[in-house]
Asks: 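Just passing along the structure, written as structure tokens.
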Amino acid sequence: MSGTGPIEEELAALPLVDHHCHGVVTGDVTTRRFESLITEGEVWPGMSPFDSPVGVAVRRYCAPLLDLPRHAPAEDYLARRAELGAAEVNRRFLSAAGTEVFCVDTGYAPDGLTTPGELAGAAGGGAVAHEVVRLESVAEAVGVAGVEPDEYAETFRAAAWEAVGRPGVVAVKSVAAYRTGFDLDPARPTAEEVTAAARRWSATGGGRLDDPVLVRHLLWTAVELGLPLQLHTGFGDNDIRLHRADPTHLTDWLHLTAGTVPVLLLHCWPYQRQAAYLSAVFEQVYFDVGLTLHYVGPGRARAVLAEAMEITPFRKLLYSSDAYGVAEFFPLGALAFRQGLAGLLRERVDADELSLPDALRIAQWAGRENALRVYRFSDDT
Amino acid sequence: MSGTGPIEEELAALPLVDHHCHGVVTGDVTTRRFESLITEGEVWPGMSPFDSPVGVAVRRYCAPLLDLPRHAPAEDYLARRAELGAAEVNRRFLSAAGTEVFCVDTGYAPDGLTTPGELAGAAGGGAVAHEVVRLESVAEAVGVAGVEPDEYAETFRAAAWEAVGRPGVVAVKSVAAYRTGFDLDPARPTAEEVTAAARRWSATGGGRLDDPVLVRHLLWTAVELGLPLQLHTGFGDNDIRLHRADPTHLTDWLHLTAGTVPVLLLHCWPYQRQAAYLSAVFEQVYFDVGLTLHYVGPGRARAVLAEAMEITPFRKLLYSSDAYGVAEFFPLGALAFRQGLAGLLRERVDADELSLPDALRIAQWAGRENALRVYRFSDDT
Amino acid sequence: MSGTGPIEEELAALPLVDHHCHGVVTGDVTTRRFESLITEGEVWPGMSPFDSPVGVAVRRYCAPLLDLPRHAPAEDYLARRAELGAAEVNRRFLSAAGTEVFCVDTGYAPDGLTTPGELAGAAGGGAVAHEVVRLESVAEAVGVAGVEPDEYAETFRAAAWEAVGRPGVVAVKSVAAYRTGFDLDPARPTAEEVTAAARRWSATGGGRLDDPVLVRHLLWTAVELGLPLQLHTGFGDNDIRLHRADPTHLTDWLHLTAGTVPVLLLHCWPYQRQAAYLSAVFEQVYFDVGLTLHYVGPGRARAVLAEAMEITPFRKLLYSSDAYGVAEFFPLGALAFRQGLAGLLRERVDADELSLPDALRIAQWAGRENALRVYRFSDDT
């Protein structure tokens, strides 16, 4: 970490709460699979995913954790990774993240991924993992199991309640941003509307839940469950229409659901300022800039955090890695967050715009305390 | 102010024209009231509005003006504020702003606020205050007084002309961004459309003017009045749909009204680049980044100004504080503007990208001369 | 160029490929004409276009190329420019750009402009120029020549094939962003739809092609031609509705046309992050931040490039000047690109976030190699 001082030390030692992440692949991965896991695009001929900001960051910051020199070539990196084996690689990277609590989205796992417990085990040091239930997966399981259209609403509701009743579940998540975008009718759909939509969905074979009425219904059902609701926002793969994932489209829905559950906007780039605005004017809104942190790399994370924090109440910003698939993203996300936040806080303390005690408090809040508070974790979790 | 040199000295001594602000509370305020006045959100349990960039800036930059140490705790700050009393506090902060001309929006005053004259009096040193007429308030007063739908257009027009004929009125303002957003039909509504809309409005009891036809009609009426038209743009409280307050939605309307009145886009964050674009391609468009300046604090104001000034003709950027309610925002907005602008101009002069005389001219224009020109104030106002 | 070292040296010496530009005025220009050519707005009373970031940049960086001191006054600059004459001025600026390949949009030339060959000749040093065919110009020529509505599609297709068959043509371009924006129905229009639209267009006298069906048809015809497709994106004059030129509105169309031709998003500001996102998730998408570079000037180009490169695969960013009319924009765009990119790469190398060999490779790719690859130029072009 560049620069040293009390803020850097505080952040380096802070046990993070990573309030949104995924499991990592348990087995060894091929070069092609690894490359596909370090891009939100695909592996295209003549363009290695290593030739990107995240690829450079992996070679710079992760290579030394595999006993390689900084900036090791991609081929050396992949060879060493294969030599150590998945278990050892995952252990090294997860333990290097310095994360104490993982909230793991278990609803998207086309690859063979670690369970939350396995993830925490690889991290060691007493780390604990909680589960985040992805509601689209619950709804689609209801569809696959077969349900009469007029029973969809109740069956989905029951399945959602059952899912959140499982031990260790601390939040729900929706990927409405991917399925319809946020420019939805904000009103709760009527029973008749839901039945009609379920009939359409069923008639087309069920599968991917992307009917606007069913997505609205899912969001309103989420509110009933009483748990914090995580919403994918902004940046993702090409399945998203980015402009429809601008969270300010949720404004009317946020008014209608005020006083119910905390809403946690995930990732947000390039709409971090829009997310900040919502967090400043709605009591229930929180956000993070996860995913972006490792994609831009530690060197640029500070600039993204600076935009994210311009007007944001200090109790409204959280940390997440949004790591998926490769364990590298856990230490990389954590490092980008610690280094980026330390850099901007130190700059303000050095300019005497911010007192050191205030800076330390902001660091603790963003990296840990805000999440403990929102998710009602006890301090020893 | 960090850094010293001719640019800092020029800006520190420059008598600002604050082309858009509000009055301040005349009486003493409770802790809760003060906290509610330093956020665009509300006061939420367990989250003090002091724990935010603007709260930190108040403790850092305003505390010394109350004889407290920099970064004084919030409780000490509020105690000292109460001890001095509203009149003395207002006098200290307003005189510290170094502002020579205030253009005061008098149309929103749920609190007991200073009149423009009282505001200028508190500033002392010969400061003068002008009035900005908020047109929605004029229209709603017409509605409250009762009007036949087919007489609404003419009655509102007459009331608007009467309002702008009052001594000291220099501009009109619209909060169309709050009421409908800017994605309106740009055309002037017909008399029949206005009457029909007035009938609907009247049937629902009048009150808040948010009918799209009446808002369009208001904007077109504004154009007739011949005075500069201020438009709230971007950032505000949660009554706004931020994405609809992107000023580029006004493009067609700006084409239709070209050659009539100056249009001043207020605040603009996070759409400062969009506002800059409009100011670069429409002769009549000007803008500022008021409100944002004190919400982000002096330390970040430079970054926001840097985006705002990327492509902007130097005669198109103005200064405003958009201070409301608490007098702190006058010196804080002024400091953020002076320090942010000085920092970025100095950096460019140091890199020999800009000559010192050019830098000084840009500072004078943005802080003062551009407003004098748009509002046709004589140089001694 | 500020700063020196291997990255600066590499970029200073790199023969650029300017993959999108226009010709320059061949004759002498009046002061008013010159001023109108250095703004995307117009020349307004009391506001010289020199009083802007680009005006300052011209006086700072171009004046020395005319043997004037840095920051020369505008009047001295224009007098010296007139004294030297257009041919000499063009020769000096174009040769100073250090550009080896020019891809010249020949479809917009209200002024008497250099041909591609004349442009390359003025640059000297063996520079070569290719042609980019603007498809709206082809379609409008078909309209002017007269065509039956049911023959429009085939006639335009034939004309487009003929145009791209001319020697030296390497790409096509569309200004759909200006005509309708990108929020179009993404589907290929049917023959019946095209005929009906052509009938409407013809009935209104032809002229400017801005019918949404015909613009969609143009984009789909472009795909058939097999050449890289350049799309104006974002910033331009006031004929654009900026929010409709956000390239993420193209997402569905990019899905439908995947696997066909490379799509090159031009300019992009203020949507450089949106363009970066598309380039990261669609194999066929590339982009640049041309036009903006000279409008913001070398000092701010680094910040714009930093946003543009946050998540961007290194093979996806290209260089263009988008210079038009005045030769100044060739060296200014090139300088802004070289200096901005060098500054940000050097900063990362200095912080040991990036290795020097990687930095040099990124510079070569962005300034030259990526364009050679997309346009399939041989390395000696």
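Labels below follow one simple rule: chain letters A, B, ... track the order of the sequence lines, proteins then strands, and each chain is numbered from 1.
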Asks: Determine whether more than 12 heavy atoms belonging to other residues, nucleotides or ligands lie under 6.0 Å from atom OH of Y324(A).
Replies: yes
Asks: At a 4.5 Å cut-off on heavy atoms, which part of P49(A) comes close to chain C: side chain, backbone, both, or neither?
Replies: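 Contact with chain C: none, neither part.
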Asks: So does R300(A) pair up with E310(C), basic N to acidic O under 4.0 Å?
Replies: yes
Asks: Pick one of side chain, backbone, both or neither for E347(C), based on which atoms fall under 4.5 Å of a heavy atom in chain A.
Replies: neither
Asks: Pick one: which of E307(C), Q272(C), R273(C) meets side chain to side chain contact (heavy atoms under 4.5 Å, CB included) with P270(A)?
Replies: R273(C)
Asks: First locate atom CG of D352(C), then atom CZ of R70(A), and finally report the distance between them rounded to the nearest 0.5 Å.
Replies: 4.0 Å
Asks: Less than 4.0 angstrom from a charged side-chain N to a carboxylate O is my criterion; do D51(A) and R315(C) meet it?
Replies: no
Asks: Quick check for you: among L344(C), T251(C), I362(C), which has the greatest number of heavy-atom pairs under 4.5 Å with chain A?
Replies: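 Most heavy-atom pairs under 4.5 Å with chain A: T251(C).
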Asks: Would you check, one step at a time, whether the test side chain to side chain contact (heavy atoms under 4.5 Å, CB included) holds for H249(C) with R244(A)?
Replies: CA-CA 9 Å; H249(C) 287 290; R244(A) 301 188 65 184; over 6 Å; no
Asks: What is the distance from atom CG of N238(A) to atom CG of D252(C), rounded to the nearest 0.5 Å?
Replies: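 Atom-to-atom, N238(A):CG and D252(C):CG are 10.5 Å apart.
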Asks: Just jot down the ring-ring contact (aromatic ring centres under 6.0 Å, His included) partners of Y277(C), sequence neighbours excluded, or say none.
Replies: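 ring-ring contact (aromatic ring centres under 6.0 Å, His included) list for Y277(C), sorted by chain: empty.
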Asks: If you count heavy-atom pairs under 4.5 Å with chain A, which of S279(C), A306(C), P313(C) comes out on top?
Replies: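 Most pairs with chain A among the choices: A306(C).
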Asks: Please flag which part of R59(A) lies under 4.5 Å from any non-hydrogen atom of chain C: side chain, backbone, both or neither.
Replies: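 The side chain, not the backbone.
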Asks: Using a 4.5 Å cut-off on heavy atoms from C-beta on, say whether the side chain of W44(A) contacts that of Q284(C).
Replies: no
Asks: What residue, out of P53(A), A57(A), G41(A), has the most heavy-atom pairs lying under 4.5 Å from chain C?
Replies: P53(A)
Asks: Taking side chain as everything from C-beta outward and backbone as N, CA, C, O, which of these in R348(C) sits under 4.5 Å from a heavy atom of chain A? Side chain, backbone, both or neither.
Replies: side chain
Asks: Chain A heavy atoms under 4.5 Å from H255(C): which part of the residue, side chain, backbone, both or neither?
Replies: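 It is the side chain, since no backbone atom gets that close.
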Asks: First locate atom CG of N370(C), then atom CE of M47(A), and finally report the distance between them rounded to the nearest 0.5 Å.
Replies: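 If we round to the nearest 0.5 Å, N370(C):CG and M47(A):CE are 8.5 Å apart.
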Asks: For each of G236(A), P298(A), A303(A), tally heavy-atom pairs with chain C at distances under 4.5 Å, and name the one with the top tally.
Replies: G236(A)
Asks: Heavy atoms only, distances under 4.5 angstrom: which of D358(C), L278(C), D246(C) has the most pairs with chain A? Name it, please.
Replies: D358(C)
Asks: Output the distance between atom CD (Q274(C)) and atom OH (Y271(A)), rounded to the nearest 0.5 Å.
Replies: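 Reported value, rounded in 0.5 Å steps: 5.0 Å.
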Asks: For the residue pair E353(C) and H71(A), establish whether any side-chain heavy-atom pair is separated by less than 4.5 Å.
Replies: no
Asks: With no hydrogens and no angle check, do the side chains of D183(C) and H243(A) hold a donor and an acceptor under 3.5 Å apart?
Replies: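 H243(A) and D183(C) do not have a side-chain donor-acceptor pair below 3.5 Å.
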Asks: T312(C) versus chain A, heavy atoms under 4.5 Å apart: side chain, backbone, both or neither?
Replies: backbone
Asks: Which atom names give the shortest non-hydrogen contact between R373(C) and P45(A), and what distance separates them?
Replies: NH2-O, 3.4 Å
Asks: Flag yes if more than 12 heavy atoms outside E224(C) fall under 6.0 Å of its CD atom; otherwise flag no.
Replies: yes
